[in-house]
Every structure is written in structure tokens, then in C-alpha cells.
Number of protein chains: 2
Amino acid sequence: MVVDKLSDADVDRLFQALADATRRDIVRRVTVAEYSVSGLAALYAMSFAAVQKHVAVLERASLVTKEKRGREQIVRGNHEGLQKARRLLDEYEAIWRQRAERIADILAEG
Amino acid sequence: MVVDKLSDADVDRLFQALADATRRDIVRRVTVAEYSVSGLAALYAMSFAAVQKHVAVLERASLVTKEKRGREQIVRGNHEGLQKARRLLDEYEAIWRQRAERIADILAEG
DNA sequence: GTATCGTACAACCAAATGGTTGTAGATAAG
DNA sequence: CTTATCTACAACCATTTGGTTGTACGATAC
């Protein structure tokens, strides 16, 4: 059962978003607790604007969500994106497993 | 049990390598069957050199291996890289699950 | 041998990435 | 009201990325 069809561009955005250590750290943190954007920015040795951009990349990749609360923007982890990424890798693993079985069959025949 | 420690740069390379549709297609193909670099290049609407670069990116990320055979370079899928990527996402999922449990506990108390 | 095939690699280019500073607007605090 | 805080966004810059063409060289085919 295909839950939901991802375009190549969606998948690009997902893995691209995960391909940066700062962004992966943000994902971990906002999964455990809520942070405002400035709260996150305080954690890293870079400008507020840089962190803001990282959060935007994560949001476009569906790895976090933002919600306005007063003058703050609250960032939370979004399980959806993570699940998508994981399912993709599961598919690759499945292909690999099929290959292994096919090889085993050939060896059994021969 | 930690099988093997990945640096941030390693993880960057892994996800970066997966963040391109052509490279993901190459990974799928070489998992199913062997291809020479020029065999792969014939499949895509881009130059041989471009495909060669994609293969190099995948090799640095441990997602494929190259082996010289005569004048050809045979590309094969490398399960190692895929497993690493998958384990990483598993860790993130685990963090998420812990969070869900924590929230459930709080709700149970309150 | 010579010609062809498969690969490697350099040089180049446009676009994207990851960072910066600066400006401006909304909301909260004094 | 005034000031401080949080965010958004534009402009800029250096580096990386994803592509190109061209050249060179080892291995195979004729």
C-alpha cells in the first residue's frame, strides 16, 4: 500500500535537508522539545538568519513545522517527513533483499 | 551496539549522495545488476563525464563500489552505505518514539 | 601495427548552497 | 509611548554542485 506518492523533487528536498549536520541537530532537538527560531539560533555559532534558513529548508522538506505563537515562531519535529525518508530507504533495502534471494536461488539451482 | 562510527562529514556525504534523482536511479540499477560506467551513461540524457561524476559521488558515500575489469569499470551496489543511512534514520525514529512514550506517560499521570 | 572503446581528468560555466549584514514590521515589556 | 525582542526578507559573497567539452591514456579489436 503506497501511502503517498513523492515526486523526485520531494525526495531531493528530503535527503538534501538531511545532508547538513546543523539541520540534523535541529531535527533531533525539536523532536525532543519545542524551540523558537531564536531559541535554536542561540545554540549555534552562526547568525540568526542562517539558522532561519536552515529551518526553512527543513520545513520545505516536511521535517519540521512552524507555528506562530505571539511574536515567536515555534518549531516542532514533523514525523511525516522522517517516515517518508525511512520508507524510501526501506524500499532500497527491499530491492537489495530481492537481489540476495535471486542470487541464493541461482546458487541453489547450480 | 554501535557497529561503526560515522563522522558528520560521512553522514553529509551519504544523504547528499541520495539527494539526486539520477544517483538514486543508479543505486537502484546497480543493486539489481552490474553495469560499466559507460553502460550506465547510455541510460541517461547527459554526458559520460556527468555520469562518471555521479558514480564518483556515490562511491565516496559508500553506496557503490567500482572494480576494474579489462578496460571497463564495473559498478556494483554497496549494501554498507545503504545500511548506514537506514540505521541513522532508525535512530531518529527511536528519538521520536521516546518522545511519544514520554508524552503518553505525562498524559497518564495528569 | 592502427583504430576504437572505456575511462580519467582538467577547465570551464551557470545555478544552488550556506553563510553574512542590514532593514523593516509585529508583538511584548517597561 | 517607547524600547526591546522575534521574525522575515533582501542583497551580497564564496564555495559547491551538476553539467559541459576537450584531451590523454590504457585495453581491446581488427
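None of these values were measured; they are calculated from a predicted model. Only heavy atoms go into these numbers, but all of them, side chains included; no hydrogens, no water, no symmetry mates. By convention in this document, chain letters (A, B, ...) are assigned in the order of the sequence lines, proteins followed by strands, and residues within each chain are numbered from 1.
- Nearest heavy-atom pair, B:A17 versus B:L63, reported as atom, atom and distance to 0.1 Å: CB-CD1, 3.8 Å.
- Atom CD in A:E59 sits roughly 13 Å away from atom P in D:dT7 (whole-Å rounding).
- A straight line from CD of A:E72 to C1' of C:dA29 spans 13 Å, rounded to a whole angstrom.
- In this structure A:S36 satisfies the side chain to side chain donor-acceptor pair (under 3.5 Å) test together with A:S38, sequence neighbours excluded.
- For A:A33, the side-chain contact (heavy atoms from CB on, under 4.5 Å) criterion is met by A:Y35, not counting sequence neighbours.
- With side-chain heavy atoms closer than 4.5 Å counting as contact, directly or through intermediates, B:I74 stands alone and belongs to no larger hydrophobic cluster.
- To the nearest 0.5 angstrom, A:Q73 atom CD is 6.5 Å from A:K68 atom NZ.
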*Test salt bridge (Lys or Arg N to Asp or Glu O under 4.0 Å) on A:R13 and A:D10 and set out the steps.*
CA-CA 5 Å; A:R13 249 174 273 134; A:D10 289 335; 3.2 Å; yes
For residues 43-59 of chain A, tabulate all N or O donor-acceptor pairs below 3.5 Å that involve a side-chain atom, not counting sequence neighbours.
residue, atom, partner, partner atom, Å
A:Y44, OH, A:D25, OD2, 2.6
A:S47, OG, A:A50, N, 3.1
A:H54, ND1, A:R23, NH1, 3.2

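- Checked against side chain to side chain donor-acceptor pair (under 3.5 Å), A:K84 has the following partners two or more places apart in sequence or in another chain: A:E80.
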*Going 5' to 3' through nucleotides 10-25 of chain D, assign each nucleotide B (protein heavy atom under 4.0 Å from a base atom), S (under 4.0 Å only from sugar-phosphate atoms) or - (no protein heavy atom that close).*
-B------SBBB----
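- Computed from coordinates, the A:Q52 CD to C:dT23 P distance equals 17 Å when rounded to whole Å.
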Check: protein-nucleotides 27-30 of chain D nitrogen or oxygen pairs below 3.5 Å:
none

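- Contact record, B:L18 with B:A85: CD1-CB, 4.3 Å, taken as the closest heavy-atom pair.
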*With side-chain contact (heavy atoms from CB on, under 4.5 Å) as the test, would you mind laying out the steps for A:V30 and A:N78 before giving the verdict?*
CA-CA 9 Å; A:V30 300; A:N78 184 7; over 6 Å; no
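- In the region residues 29-39 of chain B, proximity to DNA chain C at under 4.0 angstrom, judged on heavy atoms, holds for B:S36, B:V37, B:S38.
- B:K66 places its NZ atom 15 Å from the P atom of C:dG6, with the value rounded to the nearest Å.
- The salt bridge (Lys or Arg N to Asp or Glu O under 4.0 Å) contacts involving residues 30-42 of chain B comprise B:E34-B:R69, B:E34-B:R76, where partners must be two or more places apart or lie in separate chains.
- Regarding B:I74, its CD1 atom lies at a distance of 17 Å from the P atom of C:dC5, rounded to whole Å.
- The salt bridge (Lys or Arg N to Asp or Glu O under 4.0 Å) search around B:D12 returns A:R24, not counting sequence neighbours.
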Taking only distance into account, with no hydrogens and no angle test, what donor-acceptor pairs under 3.5 Å do side-chain atoms of residues 94-103 of chain A form with protein atoms, sequence neighbours excluded?
residue, atom, partner, partner atom, Å
A:R99, NE, B:T31, O, 2.8
A:R102, NH2, B:V32, O, 2.8

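- Comparing the helix axis at one end of the helix from C:dG1-D:dC30 to C:dG30-D:dC1 with that at the other, each defined from 5 consecutive pairs, gives an inter-axis angle of 20° (nearest 10°).
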